[in-house]
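Beneath this line is the structure, given in C-alpha cells, with notes to follow.
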Amino acid sequence: MINITLPDNSVKQYESGVTAMQIARDISEGLARNVLVAKVNGDVKDALMPITEDATLQLLTWRDKDGKAAMWHSSAHLMAEAIELLYPGVKFGIGPDIENGFYYDIDFMDHEISEKDFDKIEKKMTELAREKQTFDRKEVPKNEALEYFNQKGDEYKLELIEDLQDGDITFYTSGYFTDLCRGPHIPDTSPIKAVKLLKVAGAYWRGDEKRKQLTRIYGITFPKKKELDEYLHMLEEAKKRDHRVLGRELELFTFSQAVGQGLPLWLPKGAQLRERLEQYLKRLQRDAGYEQVITPHIGNVNLYKTSGHLAKYGKESFQPINTPVEGEQFFLKPMNCPHHCEIYNARPHSYKELPIRFAEFGTVYRYEQSGELHGLTRVRGFTQDDAHIFCTPEQIKPEFNGVIDIIERIFKALDFNEVKVQISLSDPDNREKYIGSVENWAKAEQAIIEVAEERGLNAVIEYGEAAFYGPKMDFMVRDAIGREWQLGTIQVDYNLPERFKLEYIGSDNEKHQPVMIHRAPFGSMERFVAVLIEHCAGNFPLWLTPEQVIILPISEKYQTYAEKVLNLLKKHDIRGIIDGRSEKTGRKIRDAELKKIPYMLIVGEREENEGSVSVRRHGKGDMGSFNTEDFIRMVDDEVEEMINVK
RNA sequence: GCCGGGGUAGCUCAGGGGCAGAGCGCUUCCUUGGUAAGGAAGAGGUCACGAGUUCAAUUCUCGUCCUCGGCUCCA
C-alpha cells in the first residue's frame, strides 16, 4: 500500500500502481471526467500513469495552467495525426504547447499549404477527437526508436532522437499517429471539442536560419465551443486596440516611405500627449533629485571604441557619418550612456556629491532588422526616458528604491494595476562571463533582492539572465485584455565605469570607481505610448488625453456661448474644442464618441440662460446639467487624483 | 536578414489586358436641431516605384521600396 497526500493534506491509502485517474474516480465521477493530467510529487504526469510510491497528488483540469498545457500539447499531436492522414508523407519537426495554444513545425514536402486548408484540417481533427483516441505511452530503446523513424523517413525526428539518452525515449500513440514525445498527455482526445487553426508561418528547423524552413501551423483548442468563441472575441478586441490602427484614427503618429522604415512621425496630437508624459516624468525626477542634461545625436567613433559598442555592433548598425576631414567619423548614438559618462568625467567628483543622477529624454538610433519593425513598439529611431545614476556600491539599494518609487507612481497614474518584476542575476556556475568583481556583484544582487522583498514586489528571480555588465530588474505590466508587456528597466553597470575610467574621491582621499545604474521607467516613449494605447484602447486618462472636452452647440445660434465656455475652460488649463458644424446633436455626439473625447458638453438655449453645460461622459452617457464652474472643478479634481496618487 | 500574404481615393475594400469603382470621410448648398449617423450636389487616382512582354499593362513577368503574419535578432 502507498500513501497519497491530496492538496487538502488528507492522506489516502491505495494499492501500489494506482493511477491518478482511479483516485479521481474514487473522489468523484465528475472530477474524473475533468482530470487532464496530474502533478505527482511536483512533476506533471499522465493521469493514467501508475503511481508506485508514496506521493503528493494534485489532479489537474482545464482550469490549471499545466492542464491547459497538456491539452494543447495533445492537440498538437491530434493536428499532426490529421495532417498525416490528409497529406501522407509529410515530415514532422516539433510540436509543443505555447502560451495560447500550440503549433507544429512540419515539412510539407511537395504539398502547398495555406489558410485555405485550415477548414479541412480542423474538420479532420474534430472527427478524430470524437473517436476518443487514447494517448498511449511506451518506453522505447534508442535503436528501436531510430528504426521506427528511419522506416518512416522522418529525418527531423531521427535528429532529435540522436541527441537523447537511451532509456529516456518515450513514444506516444494516439489513433493512427505515433510521435516521439516526453509527454505528459491527456487521457484521451474527448476533451478537445472546439478546434481552431490560427495561422501558418515559416520557421527554421531548430531555429537555425541556415537550415531548412518548415511550415509552422498555429492552433488552439478548447473543451467548449463557448470558450473558443470568447477567445476569438478577445483576438478581435486586440485587433481593434492595435496601436497602429488607433494611432492613425486618433491622429497620433504616422510613417512615411519617404522618411524611412521604422522612423515614426509624431502628429500634433501624439506629440502633445507624449510631451505631457515627459513633463510628468520630469517633474517626478526633479523631485527625486535628478538633473536634466542634453547631449547631441551623434558621437565620434572613438567614443564607441571606448564604450565597446563599436566592436560589438558597428557592422550591424547604421554606418558611420563621414566628414570632410579624412578619417573622421561619427555615429548616430545608439544609447545615451557614453555621452553621460563624458558629462560625469567633465570634472572630478567627491563622494559627497554622490549619487549623481543625469536624466535626458535621449533620442537614439538602432538599425533593427527590417522584419522586426512593428508600429511604435519596435522602431529604428526612438526616445528613451533615460537616466544614469552614478553612486557608491552602498547606494545601490536606496537608488533602486527611489527608481521603483517613480516607476510605481507612473504605472498607477496610467492605470496599469498588475505589475510583475523580473530580477536577472548572474549564473553562479559561469562567473567568468561577467565583468566586475565577485564582491560587487554579490553586493548589488543582494541589494536588489532585498529591495524586492522589502517592497513586497511580485518578483521572480532568474539566474543567468543578467547582462555581462551587471544584474537588472525589469518591469512587466498586464494590460486591460490580459497581455503582458515589458516596460521599465533598472540595470546595474560595472562595465562603462571601467571603460570610461569614471572615478570619485572617497572619504579616504583615494580614487574609487562609482557604480552606474541605467534606468528607464517607460523604456522608450514610442513603446510606452504604443502599450498605453492598446491598454486603454485609445481612451486615455483624462490628464493625458489630447482633447479633454468637446463642446457641442445645439445649433449655430449658440456658437458664441460655446466660445465663452471654451475660454473659461482654457483659463483653467482644460483642453477643449468646439464642434461648430451644422449637424444635428445626435450626429455630433456620435462623432465625439468615436473620437474618444472624455467629456461632451451640450449647450443650447437652456444652458446659455443658466450659465451651465449639459455633460455627457464618453462611453457612459448623459450626466445631467452642471454649472460651468462646477464642471471645471470636477475635471480638475479628476486630473489631480490621477496624477498625485501615492 | 529569411519564408509567406499584400500595396487601387484620406480610411476600409471590390475589380480586372482596351471609359477607374463602392461605402465612410472631405467640400459646398439646403436644413437650425436636445444625447450615437438629416438631405442633396461636388471634388478627390501616375491603381507603390522602375523595367520588360504586348497594338494596348492598374491588370501578365522581373526587380526595388513599403507593409502584414511568422522565424531569427534585440546594447
Side-chain angles (χ1 to χ4, degrees), chain A residues 98 103 105 112-116 198-218 239 242 244-245 248-249 251 254-263 304 307-314 316-317 333-338 364-375 377-380 382 384 386 467-470 472 486 489 491 493 495-496 518 524 527 552-559 580-595 600-607 614-625:
Chain A
I98 52 177
Y103 67 78
D105 283 349
E112 292 275 331
I113 200 91
S114 79
E115 296 189 3
K116 291 187 194 78
L198 297 166
K199 55 197 166 201
V200 54
Y204 299 106
W205 171 233
R206 307 198 115 175
D208 182 346
E209 63 179 283
K210 290 187 191 64
R211 307 198 59 176
K212 179 151 185 180
Q213 190 155 33
L214 306 181
T215 303
R216 177 172 294 180
I217 299 183
Y218 289 88
K239 221 183 257 174
D242 189 321
R244 294 166 300 182
V245 176
R248 183 173 54 231
E249 284 175 3
E251 298 173 38
T254 188
F255 289 88
S256 150
Q257 283 193 32
V259 173
Q261 241 189 322
L263 299 169
Y304 300 106
S307 71
H309 293 116
L310 184 65
K312 213 169 165 200
Y313 298 101
E316 288 154 33
S317 198
K333 69 176 173 188
M335 74 284 297
N336 305 298
C337 344
V364 298
Y365 299 89
R366 299 178 185 180
Y367 193 78
E368 305 295 355
Q369 292 188 49
S370 63
E372 184 58 29
L373 300 173
H374 179 91
T377 56
R378 198 82 176 141
V379 289
R380 284 180 172 166
F382 58 97
Q384 296 178 308
D386 213 355
F468 75 93
Y469 51 79
K472 64 176 178 176
Q486 207 239 290
T489 182
Q491 308 188 4
D493 188 343
N495 182 42
L496 291 181
H518 311 254
S524 81
R527 187 178 161 78
L552 312 178
I554 294 288
S555 86
E556 283 162 17
K557 283 186 249 167
Y558 311 104
Q559 179 73 16
R581 294 175 303 164
S582 62
E583 292 289 349
K584 289 191 171 172
T585 311
R587 177 52 180 271
K588 292 185 183 181
I589 287 173
R590 179 183 152 80
D591 289 345
E593 289 279 352
L594 291 175
K595 282 161 97 175
M600 284 150 270
L601 303 183
I602 292 108
V603 296
E605 189 180 0
R606 207 168 59 225
E607 289 75 13
S614 278
V615 179
R616 182 188 166 100
R617 180 85 213 222
H618 170 77
K620 297 214 172 78
D622 196 354
M623 295 174 72
S625 181

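Naming: A, B, ... by sequence-line order, numbering from 1 per chain.
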Picking from B:G33, B:G38, B:A75, the nucleotide nearest the side-chain atoms of A:Glu583 would be B:G38
Practice task
Starting from the C-alpha separation in whole Å, work towards a yes-or-no answer on side-chain contact (heavy atoms from CB on, under 4.5 Å) for A:Ile554 and A:Glu605.
Solution key: CA-CA 8 Å; A:Ile554 294 288; A:Glu605 189 180 0; over 6 Å; no
If only atom types and distance count, is the side chain of A:Arg527 paired as donor or acceptor with the main-chain N or O of A:Gln486 below 3.5 Å?
yes
dist A:Glu593:CD -> A:Asp591:CG (nearest 0.5 Å) comes out at 10.5 Å
Would you indicate what A:Arg606 reaches in the nucleic acid, counting non-hydrogen atoms under 4.0 angstrom: base, sugar-phosphate, or nothing?
base
Rounded to whole Å, CG of A:Leu594 lies from C1' of B:A36 at a distance of 8 Å
Expected label for B:C13 (glycosidic angle, syn inside 90° of 0, else anti) would be anti
Counting only Watson-Crick and G-U wobble pairs with both atom distances below 3.5 Å, the stems of 3 or more consecutive pairs that include RNA chain B are B:1-7 with B:65-71, B:10-13 with B:21-24, B:26-30 with B:38-42, B:48-52 with B:60-64
ask   = Any side-chain N or O of A:Lys199 under 4.0 Å from OP1/OP2 of B:G69?
value = no
Is any side-chain heavy atom of A:His618 closer than 4.5 Å to a side-chain heavy atom of A:Lys595?
no
Per nearest nucleotide of RNA chain B, the residue lying toward the 5' end, A:Ile554 or A:His374, is A:Ile554
| field | Spacing of the C1' atoms in B:C66 and B:C49 (rounded, Å) | value | 10 Å
Its contact letters, B for base, S for sugar-phosphate only and - for none at protein heavy atoms under 4.0 Å, make nucleotides 22-29 of chain B read ---S----
Practice task
Report yes or no: does A:Lys472 contribute a side-chain atom to a donor-acceptor pair with the main-chain N or O of A:His518 at less than 3.5 Å?
Solution key: no
With sugar-phosphate meaning primed atoms plus P, OP1 and OP2, does A:Arg216 contact a base, only sugar-phosphate, or nothing at under 4.0 Å between heavy atoms? sugar-phosphate
Using a cut-off of strictly less than 4.0 Å, decide whether A:Arg527 has a side-chain nitrogen or oxygen near OP1 or OP2 of B:C74. no
Between the CD1 atom in A:Ile217 and the CG atom in A:Leu198, the distance rounded to the nearest 0.5 Å is 11.0 Å
Comparing nearest nucleotides in RNA chain B, the 5'-proximal residue of the pair A:Cys337, A:Ala203 is A:Ala203
All heavy atoms of A:Pro334 vs all of A:Arg366, minimum pair found to be O-NE, 2.8 Å
_Given the structure, check if the side chain of A:Glu607 and the base of B:G34 hold any donor-acceptor pair shorter than 3.5 Å._
yes
>> Ring of A:Tyr367, cation from A:Arg380 - is the NZ or CZ under 6.0 Å from the centre and inside 45° of the axis?
In response: yes
**OP:** Scan A:Ser614 against the nucleic acid and name what it touches under 4.0 Å (heavy atoms): base, sugar-phosphate only, or nothing.
**Re:** base
Here the distance between atom P of B:C66 and atom CG of A:Leu263, to the nearest Å, is 10 Å
Separation of B:G4 atom P from A:Tyr204 atom OH, nearest Å, is 10 Å
Worksheet entry | Minimum side-chain heavy-atom gap A:Tyr204-A:Leu214 below 4.5 Å | no
Euclidean distance for C1', B:A36 against B:A22 (whole angstrom):
24 Å
Using the C1' atom in both, what is the distance from B:G33 to B:G38, to the nearest Å? 10 Å
Worksheet item: When rounded to the nearest Å, what value does the distance between C1' atoms of B:U46 and B:U59 take?
Response: 15 Å
Shortest non-hydrogen pair, A:Asp622 vs A:Val615, comes out as OD1-O, 3.3 Å
Work out how far the P atom of B:C65 is from that of B:U12, and round it to whole angstrom. 24 Å
Q.
Side-chain N or O of A:Arg206 versus OP1/OP2 of B:U72: is the shortest distance under 4.0 Å?
A. no
- request: Look at all strands and tell whether A:Gly604 reaches a base, only sugar-phosphate, or nothing, counting heavy atoms closer than 4.0 Å.
  value: base
In whole Å, what separates the P atom of B:G10 from that of B:C47? 12 Å
Atom CD1 of A:Ile98 and atom C1' of B:G69 are separated, to the nearest Å, by 13 Å
Rounded to whole Å, CE of A:Met335 lies from P of B:C74 at a distance of 14 Å
Between CH2 of A:Trp205 and C1' of B:C71 the distance, given in whole Å, is 15 Å
> Reckon A:Lys557 has a side-chain N or O less than 4.0 Å from the OP1 or OP2 of B:G33?
Replying inline: yes
To the nearest angstrom, the CD-C1' distance between A:Gln261 and B:C68 comes to 12 Å
To the nearest 0.5 Å, atom CD of A:Glu249 lies from atom CG of A:Asp242 at 10.0 Å
Notebook entry, point to check: Is any side-chain heavy atom of A:Gln384 less than 4.5 Å from a side-chain heavy atom of A:Val364?
Noted result: yes
Indicate, with a heavy-atom threshold strictly under 4.0 Å, whether A:Tyr218 touches base, sugar-phosphate, or nothing. sugar-phosphate
What one should report as the nearest heavy-atom pair of A:Asn495 and A:Ser307 is ND2-O, 4.3 Å
Per-nt protein contacts along nucleotides 46-51 of chain B (heavy atom under 4.0 Å; B base, S backbone sugar-phosphate only, - none) come out as ------
- prompt: With sugar-phosphate meaning primed atoms plus P, OP1 and OP2, does A:Gln384 contact a base, only sugar-phosphate, or nothing at under 4.0 Å between heavy atoms?
  reply: nothing
(Q) In whole Å, measure the gap between the C1' atoms of B:U8 and B:G45 for me. (A) 8 Å
Atom CD1 of A:Ile217 and atom C1' of B:G70 are separated, to the nearest Å, by 13 Å
All heavy atoms of A:Lys588 vs all of A:Pro553, minimum pair found to be NZ-O, 2.9 Å
#### Entry: Distance, C1' atom - from B:U31 to B:A41, rounded to whole angstrom
15 Å
Against the side chain of A:Arg616, the closest entry in B:C74, B:A36, B:U12 is B:A36
Which of B:A36, B:C11, B:A75 is nearest the side chain of A:Arg366? It is B:A75
- Message: Tell me whether A:Gln559 at atom CD has more than 12 heavy atoms from other residues, nucleotides or ligands lying less than 6.0 Å away.
- Response: yes
